[in-house]
Structure formats: structure tokens, C-alpha cells
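Being a predicted model, the structure only gives us computed values, none of them experimental.
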Amino acid sequence: MGQEVDQREFTREDRQRYRQKVRRCLDVFARMLRESRFDTDRPMTGLEVELNLVDDRGDPAMRNAEVLRAIADPNFQSELGQFNIEINVDPQRLAPDGLAGFEETVRSSLNAAEERARRVGSHLVMVGILPTLRPGHLTHDTLSADRRYELLNQQIFAARGEDLYISIDGVERLATTADTVAPEAACTSTQFHLQVSPEQFPAYWNAAQAIAGVQVAVGANAPFLFGKELWRETRIPLFEQATDTRSEELKEQGVRPRVWFGERWITSIFDLFEENVRYFPALLPVCEDEDPVEVLDRGDTPGLAELRLHNGTVYRWNRPVYDVVSGRPHVRVENRVLPAGPTVVDTLANAAFYFGLVRALAEAERPVWSQMSFRSAAEDFHLASRHGLDANLYWPGLGTVPASELVLRRLLPLAYAGLDRWGVDAGQRDRLLGVIERRCVTGRNGARWQVDTVRRLETDDHLDRYGALRGMLLRYMEHMHANTAVHEWPV
């Protein structure tokens, strides 16, 4: 939800007007789908990476405003917490060297940003959850200064009517409360964008949902929160709880959460936008002056600002996106399941695996989602978040198998075939998918390396938990800057 929001307080009239406007936008979107008004000529892909800021000791640095001024690059933007920033990479076509282009852009941008951040006493870290975070780092005072974050915080707690209760049972157990949405700032992710035609969208979204679990198993990189070893990708349950607008009673009634995997396979992109409008009340009921019907009638492209803002406050793990670029509308799948890091090469390996696999599955003669239940996909997503590469996941034709075996036996060959269909350079394909293969063979992703290193520091160096976490993070940063894939990092 990156757009600026200037409004201060919202009245009942604001909410009623917004509901009517969102439904009007939805009707216009349906008409645009019927009239085939979307850009499908040059499908693009995109990449966003959220980053943490730390000081020289590895503790959170609440300096994103200073760091952004020092970086002075419009591709870097603020995020929820003062120790967060985000880089938005310019969209590219995958064929033939789009992955190499992403890698070169991200590496050069991050190197330049790191150099400038040092001048204001900060460093950039790509990691799913910053290991050195303590509860005192996630308070109202640590929210970024942007007005939209304050409004989002107010509206979530107005909807809840009570403090957040965060409870995560993993290797260890965490139970805590929060009176702001600041714990959400602990969750730093990588997001892949894939532009497709409206006709293709259901197949690509269904495919992305089917592989969400295996993506997380391979890419998990967030095992610690507040000094506790929890899930291999603790970011998933934390994000689900930190933005939950439901009271306990509403949960018991089956009201849907705003951080949502979904509940069914789809046959149209309209299904998702309609569900968002039907199931979720407005968090930020801000209306623009545009009349989308009038704009469409005169042959122009409506922005559908209210529909897009509402869509941005429903946090699907694979989100539908409507956007307008140079006056031409398009739709895309935003894949949000993966954490940041550990390195640029690991991030692009995850991208290669996702883009290749999702295309192969979307174009398969017999769709995988016709052979497995949606519930199985949702269960695998949370099993993988809890256990990482040690998870046992279901796949049609194989049954329930270890995640690494599923990748090596069935999914990597599909990812190779999918990248070939995109026209990706064979050398880039082999190098990046080779990283995924070696993670599965060694059993080491970012989460496994973090856990093994902390345990070694606690045992051999007799450090307490936070001392071990700090020591681990400083080593992590060295390897991150060397851009060596995580399966090669020494413990």
C-alpha cells in the first residue's frame, strides 16, 4: 500500500461514499475485462526487496528518513518501520537476460546505497526478520513518519477494538502483545511481479498458490523473533497476526483475515477483486474525484484508485494487481510469500525458480490445481513456513514427500522448462537453478544457516542468545556483501 494518503479522520459518510465508489470501480473493471482493454503485448516482470537498517553493532537503526536522503534514489522508499526501506527495481522482460539485468541492477543499487547509508551510521541487511530485534524496537515511536502508516495503525486498532495478541509455537514459544501494528515492520519480504493477460491470470495465480509452500520451504530465512527460535519462516505467522483486524469472537465466527491465503481456485481475476470488496470493510476510505464510468466512456483508461487502494489493504500472499502505465492498463500477479535475502544471487535464484515453475504449471496440459485440493496447498504453505526444507509436502502423483525431494525429482525440471519458454539465457538458467538444487542437496537455506550458526556460537563461544544472534548477524552481513549463495556459507 504505497500510495500517499492525506486524509486525517474518516466519517460514516466517508465510508458509505467509499463503498459506493469501490463498487462502481468494480463494475468498470468488469466492463474492461469484457471489452479486452488490457495491455498484453510485452509482458513485464518486476522485483521489490524490503531491507533492514542496522548500526555497527547489528542493532536496528531507526534512521530510514536520513538514509533515504543520503541515498537520494527514487527507487528506494520508506516502509512501515523506521528501520525499514524498500527498493523497487524497474520492470524488465525475462528474455533473454532479464534475470541478469535484475541481478546487476540490484547489486549495483544496493552497493551504492550501502556506501551512502554508512555516512549516516547505518548498514543495509536483506533478511526475513532482523534477528537482533527486541520488543522495545517495535512500538508506536518506531513507525515511519509517513501519514499513511499512522492512519493504517489507527484504522486497524479501531476495527479490532483491543490490543494484538501474538502467539507463535515453534521450536520455542513466543507470546506477547502489541498496541500498534509495529510488529508488522519486522516482516521484510521479496516480491515478484508477473504481468499476464486477464485470460491467463487464473492459471498463473492458481499455479502460484500451488507452489507457495515449496517456495517458502526452499527460501525460508526468518527463524528468530525477539530472541526466540520459532518457525523457519516466522515472518508468515507474524504477518498474519500483526495485521489482523478481527477480535477473538470474529475469528470464532469464521470472519476472513486480511492476511489471507484464500479459500479456492479461481476461474477469473474478477473473482479475487470481488471477494476483496465483498468480504473486507474499508481500512482507508479515501475517495478521488475521478468518475471511472465517465473516463471509460470517453475512451480513456480509469485509474480505479479506490479499488486499488482497497486491494492494497487485503494482504493476499499472491495478490492480484491492476495498474496503469503510460495510459495502458494491465494486470499482474504479485507473489509475496518469500523473505528478503540472504544475498542478491539467492534472491535471483528464487526468482528463476518461481518464474520458470509458474509458467510450466500454468501452461501444463493437465493443471496441477485440478489434481489437488486448495486446502492441501494452504496446509503445505504453513507446513513449509514451520519446517522449511524439513517439511513434508503433498504433490499430485508423488503423495507426501520431503520438500527437497519434491524439488529435485519433480519441480526443478519443470522450472528449467518454464525458463526455456520465457527464452531465458541457458547460462543464467543453469547458474540460478543450480543454486536451488544445491540448497536442496545440502539442506541449507538462510534459516538453517542462521539456526546452526547461533547454536554453534552459544555452545562453542558460550554466548547468551542475543549475543549469539548479534554475532550471527555480523557474519551474515559479511557473506551477504560477498554475494556467495547461502548453501556455501560456513557455519
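For the side chain to side chain donor-acceptor pair (under 3.5 Å) condition, the pairs that include at least one residue of residues 116-131, sequence neighbours left out, are Asp56-His123, Glu114-Arg118, Glu114-His123. Among pairs with a residue in residues 204-213, those fulfilling side chain to side chain donor-acceptor pair (under 3.5 Å) read Gln209-Asn318, at least two apart in sequence or across chains. Pairs passing the salt bridge (Lys or Arg N to Asp or Glu O under 4.0 Å) check and including a residue from residues 345-356, sequence neighbours excluded, read Asp346-Arg439. Residue pairs that meet the side chain to side chain donor-acceptor pair (under 3.5 Å) test with at least one member in residues 480-491, sequence neighbours left out, do not exist here.
Judged as a ring pair (Phe, Tyr, Trp, His ring centres under 6.0 Å), and not counting sequence neighbours, Trp231 has no contacts. Applying the salt bridge (charged side-chain N to carboxylate O under 4.0 Å, His left out) criterion to Arg316, with sequence neighbours excluded, gives Glu275. Evaluation of the salt bridge (charged side-chain N to carboxylate O under 4.0 Å, His left out) rule for Asp271 yields Arg264 as partners, not counting sequence neighbours. For Arg438, the salt bridge (charged side-chain N to carboxylate O under 4.0 Å, His left out) test picks out no residue, with sequence neighbours left out. Residues passing the salt bridge (charged side-chain N to carboxylate O under 4.0 Å, His left out) test with Asp169, sequence neighbours excluded: Arg173. By the side-chain contact (heavy atoms from CB on, under 4.5 Å) test, Arg57 is found to be paired with Asp55, Asp59, Arg470, residues two or more places apart in sequence or in another chain being considered.
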Enumerate, atom names and distances included, each donor-acceptor pair closer than 3.5 Å involving a side-chain atom of residues 214-229, sequence neighbours excluded.
| residue | atom | partner | partner atom | Å |
| --- | --- | --- | --- | --- |
| Gln215 | OE1 | Asn335 | ND2 | 3.1 |
| Gln215 | NE2 | Asn335 | OD1 | 3.0 |
| Asn221 | OD1 | Gln450 | NE2 | 3.0 |
| Asn221 | ND2 | Ala340 | O | 3.0 |
| Asn221 | ND2 | Tyr476 | OH | 2.9 |
| Glu229 | OE1 | Arg455 | NH2 | 3.2 |
| Glu229 | OE2 | Arg232 | NH1 | 3.2 |
| Glu229 | OE2 | Arg455 | NH2 | 2.9 |

Which pairs would a plain distance check flag for residues 96-107, meaning a side-chain donor or acceptor within less than 3.5 Å of a matching protein atom at least two apart in sequence or in another chain?
| residue | atom | partner | partner atom | Å |
| --- | --- | --- | --- | --- |
| Glu103 | OE1 | Arg431 | NH2 | 2.4 |
| Glu103 | OE2 | Arg431 | NH2 | 3.4 |
| Thr105 | OG1 | Gly101 | O | 2.9 |

Please determine whether salt bridge (Lys or Arg N to Asp or Glu O under 4.0 Å) holds for the pair Arg465 and Glu172, giving the CA-CA distance in whole Å, both sets of side-chain angles, and the decisive distance to 0.1 Å. CA-CA 13 Å; Arg465 175 57 59 83; Glu172 298 169 345; 3.1 Å; yes
Quick one, Asp179 with His140, criterion side-chain contact (heavy atoms from CB on, under 4.5 Å). Give me CA distance, side-chain angles, the key distance, then yes/no. CA-CA 8 Å; Asp179 58 3; His140 184 274; 5.6 Å; no
Could you go step by step and tell me if Met126 and Val344 meet the side-chain contact (heavy atoms from CB on, under 4.5 Å) rule? CA-CA 9 Å; Met126 293 194 301; Val344 174; 4.0 Å; yes
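When ring centroids are compared, Phe261 and Trp317 stay outside the 6.0 Å threshold.
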